[in-house]
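Okay, structure first, notes after.
Below, chains carry the letters A, B, ... as their sequence lines are ordered, and counting in each starts from 1.
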Amino acid sequence: MLDWIWLIPFLPMVGAIINGTVGRRFPKWAVNIIACGSIFAAFVVSVASFIALTHLDPSQRFHEVTLFSWIATGSTSIDLAYLMDPLSSVMTLIVTGVGFLIHVYSVGYMHHDSSYNRFFTYMNLFCFAMLTLVLGNNFLVLFVGWEGVGLCSYLLIGFWFEDQEKAKAGMKAFVVNRIGDFGFLLAMFFIFMHFGTLNFREVMAAAPTAITAATATLICLLLFLGACGKSAQLPLYVWLPDAMAGPTPVSALIHAATMVTAGVYMIARCNILYSMAPGAMATVATVGAITALFAGTIAIAQNDIKKVLAYSTVSQLGYMFIAMGVGAYAVGIFHLMTHAFFKACLFLGSGSVIHGMHDEQDMRKMGNLRKYMPHTYRTFLIATIAIAGIPPLAAFFSKDEILWMAWSGGFKAQWALGFLAAGITAFYMFRLVFMTFFGEERHDEHVKGKVHESPWTMYVPLYVLMGLSIVGGWVGIPEALGGANHFHHWLAPVLDTGSMEGARHAAALVGDIGPSAAYASGGGGGGEGHSIIEYILMFASVGWALIGIAFAAFCYLKRTDIPAKAAASAKGVYELLYNKYYVDEIYDAVFVKGLVALSNHFWKFWDVVVIDGAANGLAKVVRATGGGLARLQTGQAQGYALAVAIGTVALLAFFAAHATL
Amino acid sequence: MDFQLADLKLIAPHIALLGTALLVLMVEVFGHGRRRPEATWISLLGIGIAAAATGMSCHENRLGFSGMLAADGYSAFCNMIILIVGALTILVSSNYLKDERHEHGEYHALILLSMTGMMFMASATHLLLMFLALETMSIAIYALAGFFRTKEGVESCFKYFLLGAFSSAFMLYGIALIYGATGTTQIHGIMEQFTQIKGLASSPMALSGIALLIVGFAFKVAAFPFHGWTPDVYQGAPTSVTAFMATGVKAAAFAAFFRIFFVAFPATSPVWSQALWLLAVATMTMGNFAALAQRDVKRMLAYSSIAHAGYLLVGVVTATAAAGTGMLFYLLSYAFMNIGAFACVIMLGRRGADSTNLDDYAGVGFKYPLLAAALTLFMFSMAGIPPTAGFIGKFLIFKAAIGKEFYWLAVIGVLNSAASVYFYLRVIVYMYFRERPEAAPEGLRSGPAITVATVVAAAAVLILGLAPGFVVRMAEAAMSTF
């Protein structure tokens, strides 16, 4: 079975090719079957390869399939090859599974759109690129997928390119991601320079002896710059909220569940490199923690339902980076998975709301939708409870474990930021639920009486994702809670070496032996003394989340006048949050305006003065020498002849300078 | 000069093409002026025979006709490029000529004749034979450029002819000076003279001769500042002829350029490689930046072909076997991607209205998805984005440059290709991100022949990009036979 893993990315590609070339002539049902069917087939192959992996001994759970040798010159050989191991297996299952559900959902959501086949072409193409990204066995293939998902993301953000704003959002994503890609590329060059290969397994095996900690730090920081761009971390997160201009299924698939987690995946893939670079890890954890809190606070003051979810995504990605930074790679991937479930559910739910409200996205114009959209309401509420971190739903296990690993690894400041953000998450998510589904109806005149529940193709995927948001966390119940933590054991062959190294370094860094080392070796229950603290922290974070929920309920259900009053009395803070800390404005003033000014200078000076001047001057010379013959339109030809003559003289002069008489 | 019958074997491919050209003309004469669609098939057959003859003569590895020409791996590889260019051009032209009401056999005869000249250029080991071959090629091309007898066509034909004659004069004078300095025009003989006579490498006569030779070649490959004619001529000539010029002439001129400088002038290479270094940088930079400003696709492709000449010059500057391998691979890839791109341009045009403005490409992506996909592929390849042939070509050439420590040249080349991405992608942006105007004409000017050419070109661009190993090894083998 494992020899067939290349089918996983290729099936969606075939779907994209069919729909992209001849799909225009197909009826909609045929487009649907091709698009959804190809993803489903890829999902089946993913499941089969997962099962095949489970039958292998844990130390043997990897399988490389080389499709062909791409560039082979001299000692350089780069293959187009796929690698199936526990980590890529988890990722393929997420991408194909959640991807399939979102495809089904899109059938209903995009039903009225005139560019139906174009949409599914891009979606399938995206899946192909994403699967190439997670299955590639070397950095170059990963990079090909990395750029591929980026391309699809720009295409889909700007899907409704007739709208100038939306086309601009696509452009913004493109430009910001270039900055990150620059870091990634440099890192790749350095890796190739030091290792002579780009293959993951070879690089990771050679890393401890081949490079120094300083080199590892440099490479890791550059890779992290790439991850910041793709996974929307400070300071490169600005494109993701704008990316919400795309169709909602796109936001769910690309900008919540899969593509934006590519940075997290990449760091997990390079865990051994990171573990050699404690400085880089501390940077990752700190940036993640600050982003988690920063984006969470912005989400409080947003009124656009998708914007709230976008900032929430940025915040949740911050958690994943905290996990990466403290060396708890498996936990980060665990949160990546649960997040894919509940955030896809939330985004699709918001899409259902927008669909039912006839393209209304402003929550101030919603309210009491549970009456009209019971399915959407039910699923959305469960996913919200999940993201808030209430046991026994998915995010409780994953988020709490991240915070625990941060605490026990000695990253107390990062823990504090993450802990604060957890309560804020509960608050703004329930604010969203209360404003949308409860309270009085503040609907616009033109939608009154027309609000409707979405068709079954849309709410069935919602239920599936809701179910996954509930049970998805159970595969990783820590042993402190009597679980077996299957998830972590599954990833152990790929991530454990790094975790142990990382824990040792982290411990050396803070002068304390944290239990993450014990955790890394598969224990989890190791360090008995810390278990009590683990329980205390668990109760604290659940309590903190409940406070957030209660506060949201108080503000938005009971005393609905409070938010306005609070906004008025703390106008400065509110304005600051509402305007997202003015980051866009600052970037615009500093980078965009600065660059435009510089370009203008180049244009005005170089182009207008130097080049045009030279051209006009030459034209004058030509006209002067051209004389009467210019009328036969040979004026220009004479100009060219003049250039040839000048060039000849210059060449002769150049050669004469080297001659000896 | 003594003549041996066995030497005829070395020019069997050339004879085959020449014979086919004459046959096509005869068919036209005896066809009483009726439109003769057979010309296409006869020409393709002739090209096939020439290809077979090339395959048979490539193992000869010897000089013939008293050292006038060589049949070796290098000339065989170049001949193959030229034959591919010719075959694709004829396939691309078939419907185009019919649509433009210029379906005359002379067109095919002229293509075949200029191909004969090109192939002699690639095999010439003697400056005079090279010059005659260059003129044979050029005169046929002049006529082709004005084939439609439109105002622009005739203007471009005349311009090309005037300037071509001008630069040929320089080249001939250069050959004369080299003869004066060395007493021979046979390139191996020249090389020996340079090694035997002390001080020849710094004699003004020899150096001036080399400089003037460079002028002649730089004109034919459209290098700065000898490129002035290129945009006008490319835009004015029939599109299929433009494709032929941009690829065939370039391949032949670079083949001769590289062979002569690699074999005859290694003694003076420090001097001419500096001069060509400057030419290469100026050519690629000028070509790319001028292309940035174009809104006409045909004109943009003209400037882009100047830029590609700049990249190819990097190969001549480097002048190692590895650089030659890169150059041969690049020329082959360029033939496929450029003719493919021009084929797409032809298909989107109408009789008398080429519709080559960028606005005419708006919304093509979803109206004609296959054509747009092919054009996208060609644009990617020209921009040097993997996994396409263009990427591998650039990779090989710049790698060779780095191997001989031309670091700055490689850096400038890479920066240039990064800048070029903008205008190649702009075509794609127009195709996929702009609404097709209501008034846009319906239907494509396509047919079986041009479709075959486009599909073959697209497949080749992909295959050369994905699995270049086989062709790279062939090019390496070709370089080892010098």
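- Rounding to the nearest 0.5 Å gives a distance of 9.5 Å between CG of A:L155 and OH of B:Y432.
- When all heavy atoms of A:A643 and B:P225 are compared, the pair lying nearest together is CB-O, 3.5 Å.
- For the atom pair CD1 of A:I17 and CG of B:L370, the computed distance is 10.5 Å after rounding to the nearest 0.5 Å.
- Using a 4.5 Å cut-off between heavy atoms, B:F166 contacts chain A through its side chain alone, with no backbone atom that close.
- The structure places CG of A:L67 at 10.5 Å from CG of B:L466, a figure rounded to the nearest 0.5 Å.
- Atom CZ of B:F161 is surrounded by 12 or fewer heavy atoms from other residues, nucleotides or ligands within 6.0 Å.
- Heavy-atom minimum distance, A:L651 versus B:A275: CD2-CB, 3.9 Å.
- Using a 4.5 Å heavy-atom cutoff, the side chains of B:I214 and A:F655 are in contact.
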Derivation and outcome, side chain to side chain contact (heavy atoms under 4.5 Å, CB included), residues A:Y640 and B:F226: CA-CA 7 Å; A:Y640 302 151; B:F226 312 100; over 6 Å; no

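- The distance from atom CD1 of B:I210 to atom NE2 of A:H658, rounded to the nearest 0.5 Å, is 12.0 Å.
- Looking at B:L278 and A:F654, their side chains come closer than 4.5 Å, going by heavy atoms from C-beta outward.
- Note that CZ of B:F170 is 8.0 Å distant from CG of A:L652, once rounded to the nearest 0.5 Å.
- In terms of non-hydrogen atom pairs under 4.5 Å with chain A, the most contact-rich of B:A373, B:S167, B:P387, B:A467 is B:P387.
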